[in-house]
Every structure is written in structure tokens, then in C-alpha cells.
Amino acid sequence: MTDGIANDRLEKLQAVRAAGQDPFPARVPRGQPVASVLTDFDARTGQTVTLCGRLGQIRDFGKLRFAHLQDRSGSIQVGFQRERLAAFWPDRKRIEGNDLVSVTGELGTTQKGEPTLWATDVVLASKALRPAPEKWHGLTDTEQRYRMRYVDLFANGAVRDSFVRRSHIVREVRAYFDSLDYLEVETPILQPIFGGAAARPFRTHHNALGMELFLRIAPELYLKRLIVGGMERVYEIGRVFRNEGVSTRHNPEFTMLESYEAWADYRDIMARVEGLFAHLTAKVLAGDGKVTFRERQYDLAPPFQKARYLDLFAQQNPSVDWFDHGAVTRRARELGLETKDKAPHTLANDVFEATVEDTLQGPIFVYDYPVAISPLAKRLAEDPRVTERFELFVAGMELGNAFSELNDPIDQQQRFEAQLLHKDDETPGEVDLDYVTALEFGMPPAGGLGIGIDRLCMLLSGSASIRDVVLFPLLRRLDAAPAADADGATQP
RNA sequence: GGGGGCGUAGCUCAGCCGGUAGAGCAGCGGCCUUUUAAGCCGUAGGUCGCAGGUUCGACCCCUGCCGCCCUCACCA
């Protein structure tokens, strides 16, 4: 017998079948949302309605039983009285807490004024073979909550609410870009060359074509091909995959928003980001931009602070020149950073991250990043060592990344080739020549943006861990994992 | 990968100095027509994460392993 199934529930299941009833019928009388009868409840007294949902714990008084019925909109008490349910009464114990039911009855109240559906007809909609978690603690074990999210969702209202909020956030992000006449598009997840970010990819294989493929680490290079193609304003909200560690702010697959707008530069995109946050503040946070995240208050209502990358670097690392490899190395050692096998620009950025990022409570735009760590961004006309790029930080966390897109195909090819000089497993093994070719056909000046939707949701819902905004975060499997061979021949 | 913490009944948790497993809720049987953490009486439920070791005796001490959480590292 499967672990966790109570034997008596199987007996109940048999009893239902023995009585000639289907414990898993295809259809039952459909009802209305619970919340819809709770509004103006007094005026509805005496109405007959049908409600469908999951039963809570039954409070049994012999000839009278109470239980709450929960659907996604809310919950209401249901009263089962022998005198109103003569036909059903002998079968009543076949329905237990956590079963899914359809109840028809008359709206009324109890002596204490509790809104109650006084049942006149009860239909078992689906038999639950496992009980719900204990009623007032719910499911609290973190691991169980992630592994059995389906239980977490019906047992913990706050969990349900935060995933509803996530859905609303994504909807409003779409609404914002749609309102600006952007086109939502979909680009390949399976890519022969990975690019658009620096990250280790997941590798896979296509059998029929006999081809190695990568799960995308970013949609960037495909979206910009669409800008070349004249689509002018595009965005994509989709999953990207990075074969890296997990932490409270990293999940190996996560959701990225990327948008590209022709004829815009990074200043315009900065305004778009502020517009997006104003929109989200109005639609998701009900007008107040204040959120609590990791026990600190943040005001997400724009405008945001702004600071130049190199100025912040200089503030925290006085008399260290970002471009002076020797000085940077000395500083990195002083900070206890790993300096071996690091490209000069990577090390310099490590120093930035070690000394500056935690100070960026924000929201703050950090802008004008060095070109060496910005291979896809356009250089500043006044200073070719620096690019028209900004990142948005809140709570020391990188939320977004944007720049004036590099559209000079020759510069682009040289930067790709420069990357290969410091090649590591985060660098593609080859230059994406097709992307360079696309640029050769001419890409209008454009501003692009990437925002991590999961981190945005963390912030807007006050969730300290990314796993609280990802429905099914990646976990190890519990049984002995078979050797990860292509054919998976190992028996569990 | 390093450090710290955790893992006991379906759920939430106790379990002392090493002496042989406990409670509440859920379940089952019974009483009860206004409860809402219902109540009362009775009952059942355990590979104490896994595997070794020490010991007359291990949930407890030791070693290894597995899983989760936090943290550091890694991660533009």
C-alpha cells in the first residue's frame, strides 16, 4: 500500500463503490465561487446555491455536522442537518475532511451569526485518500512544502496568495509593454550556440538532427535579430536556464523578461523601467510603493536614485583605478578574493561586487559600465572604455540590466573574439556569426532591458527566498538517483 | 565545495545523565442539533532519515552516507 494512504480511507472508498456511487465522477453539479455568495450575504439569506470545493475538518454533533468548504475564492461554513438531508444521511460518513464535494443548499446563518450553507444535497466530487495536514499549523516543513506544493497551496492561504500575486505581476508586466505597443514574441529555448549572458548552460541533444544543443541562458540575441527584422518593439517573458548553484536568489531555471525597443537608448529604457514600476505600484501594490523585504522597508515608487558604476567603485575603493590590473589585483587580495585564473575585467568587477553591491539598497540605477564586462552594449561616445548600460539594484540584489544595444557588427565581432581569449565554460565555444551577420544587415539604434521576474516577485511579495515565488523549485530526488546517463538505464 | 542547524506517528512537536516511544491534531468506535482549534469517553497508529560502530543496553554517544534549511564560496 502506498505510504501515507490511510487504510480507513480506502475502506471508505470501497464503501462508496459498494453503494453504487462513483468516488471520482466526471461531473458534479457546478457551483459559483464561494466569495460570490459571501458578498451581500444578508441579502442572500434563503437563496439556494451550489458550491464546490474541498472540505475542511468535520465537526460532528451527531444529527448535525459542520465543516468549512474552501475554493480558490474563499471559504464558507457548510451545515449538514439530518432533517434536511434524509436521503444522504446514512451515507454521511463516507464523506470526510479533505474530500472534494459539490454541495447544494440554502444560505443562512447559525445562532452565532456565521454565514452557513445549509446543505440539501451533497455529491462526492473526488475522494481524498490522504488527509489534509494538521489544521492550525498547516504544512510548515520547508522541504515538504516544496516537494508537495499541491498540499502547500491548499493548506496555506498565504502561499496561495503569493502565487496569485505572481500571476498578477506577470499579467501587469505584459499589460505595461502591450500598452506601449510592444509585441510579445517567442524565441528558441533550444539553441545551437548559447549567448546573451555569461553563464554555464545545460546541454542537450537532438536525436534526429544529431546535434548538440543548449538550453538558452538568455533570449537576447534572438530578440535583437527581430529588431533587425523591423519588429521595432518586442518583448519576451520566458524561462532561461543556467547550470549553476542554487541559493535563496538563484534557481537553475528562472523567468526572464527581455524587451527591445528600436530608436530608444538606455536613458529611454531607464524611463521605461520607472514607468513599469509605477504601473506595478499602482496595479499590484494598490498605489503604495512601499514593501518590506528581508526586514527592511523599500519604496519602489519612482523616480529611482542613479549613480555611475565607476564613481561607486571609486567611493568604495579609493585610489584604485578599475582599469589598472595591478592595483585591482592588490585590492582583490586585500579583500581576500580569488585572483587566480581571472580575466582582468572579471577581477575588477569582482571587487565591485564585493565592495559595492551590498551597499545598494536602492532602488538605484547603476550606470555606465566598463565595456569589458558589457560585450553587447554600445560604447559611450565620450569614453569608449565605458558603455551605455545600467543595472537596477534593490536590496543589494540585481533586478534588471539594460543598455543601448551594440549595433556595430565589426565591434561586435571583435568583442566576441576577445571573449574567446579568456574562454571558460561560461563562454560559448564559438562566435555567433549569424548574429553578427544580422547586424551587418543593419539594426536601428535600440535600447534593451532584462528583468528577473522571480526576483521582482520576491520583492513585491516580501519573499526572502526565490523558492517561495517558484511553484516547483528544483530539489534533489529522494530515491537514489540513477547515474545520469543518456539512456537512463540504471534501475532506481 | 566550507561552516552551522535540522530529520521521531499522516501533520505539528516533546523525549532529561544511555534503560527499550510520548502528546495534540488528523483517523477509527461511541455520545451529542448551532460548532467553528467544538467537547467528552474509548481505540489504533513508529524501520526514531539510512548504514555501520561503541555499549549488558542507543532516538540519545561515535563514524560514514542521504535529504532539507541558513550562511559563505560560486553565480555579470
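We name chains A, B, ... by the order of the sequence lines, and we start the count at 1 in each one.
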If I pick the P atom on B/C69 and the same atom on B/U8, what distance separates them, to the nearest angstrom? 16 Å

At 4.0 Å (heavy atoms only), tell me whether A/Arg147 reaches a base, stays on the sugar-phosphate, or touches nothing. sugar-phosphate

Could you work out the separation of B/G53 and B/A44 based on their P atoms and round it to a whole Å? 35 Å

Rounded distance in Å between the C1' positions of B/C60 and B/C16: 10 Å

B/G57 versus B/G19 - spacing of their C1' atoms, nearest Å: 7 Å

Atom P, compared across B/G52 and B/G2: separation rounded to whole Å: 25 Å

Under 4.0 Å from any atom of RNA chain B, heavy atoms only: list the residues of residues 247-257 of chain A that qualify, in numerical order. A/Thr248, A/His250

Can you check the distance between B/C25 and B/U63, where both ends of the measurement are the C1' atom (answer in whole Å)? 38 Å

Using the closest heavy atom to pick a nucleotide of RNA chain B for each, name whichever of A/Leu475 or A/Ala372 lands nearer the 5' end. A/Leu475

Looking only at side-chain atoms of A/Lys112, point me to the closest of B/U12, B/C32, B/U35. B/U35

Using side chain to side chain donor-acceptor pair (under 3.5 Å) as the criterion, list what pairs up with A/Asp161, not counting sequence neighbours. none

For A/Arg242, what residues pass the salt bridge (Lys or Arg N to Asp or Glu O under 4.0 Å) criterion, not counting sequence neighbours? none

Quick one: label A/Phe352 by what it contacts on the DNA or RNA (base, sugar-phosphate, nothing), any heavy atom closer than 4.0 Å. nothing

Anti/syn call for B/C56, syn if |chi| within 90°: anti

When the C1' atoms of B/C48 and B/G7 are considered, how many whole Å apart are they? 10 Å

Under 4.0 Å between any heavy atoms, over every strand shown, what does A/Arg476 touch: base, sugar-phosphate, or nothing? Just pick one. sugar-phosphate

Could you measure between the two C1' atoms, the one in B/G5 and the one in B/A38, and give it in whole Å? 38 Å

Any N or O donor-acceptor pair linking the side chain of A/Thr140 to the base of B/U12 at under 3.5 Å? no

Can you say whether a donor on the side chain of A/Glu114 sits under 3.5 Å from an acceptor on the base of B/U35, or the other way round? no

Under 4.0 Å, heavy atoms only, any strand: does A/Pro473 hit a base, just the sugar-phosphate, or nothing? nothing

At a heavy-atom distance below 4.0 Å, what parts of residues 94-106 of chain A sit against RNA chain B? A/Glu96

For A/Gly138, which contact category applies under a 4.0 Å heavy-atom criterion: base, sugar-phosphate, or nothing? sugar-phosphate

Testing A/Phe365, A/Phe304, A/Phe403, A/Tyr367 for ring-ring contact (aromatic ring centres under 6.0 Å, His included) with A/Phe390, which one passes? A/Phe365

In chain order, what residues pass the salt bridge (Lys or Arg N to Asp or Glu O under 4.0 Å) check against A/Glu143, with sequence neighbours excluded? A/Arg147

Quick one: side chain to side chain donor-acceptor pair (under 3.5 Å) partners of A/Ser247, sequence neighbours excluded? A/His250

B/C75 P sits how many Å from A/Asn243 CG, rounded? 14 Å

Looking across every strand, which nucleic acid part, if any, lies under 4.0 Å from A/Arg467 by heavy atom: base, sugar-phosphate, or nothing? sugar-phosphate

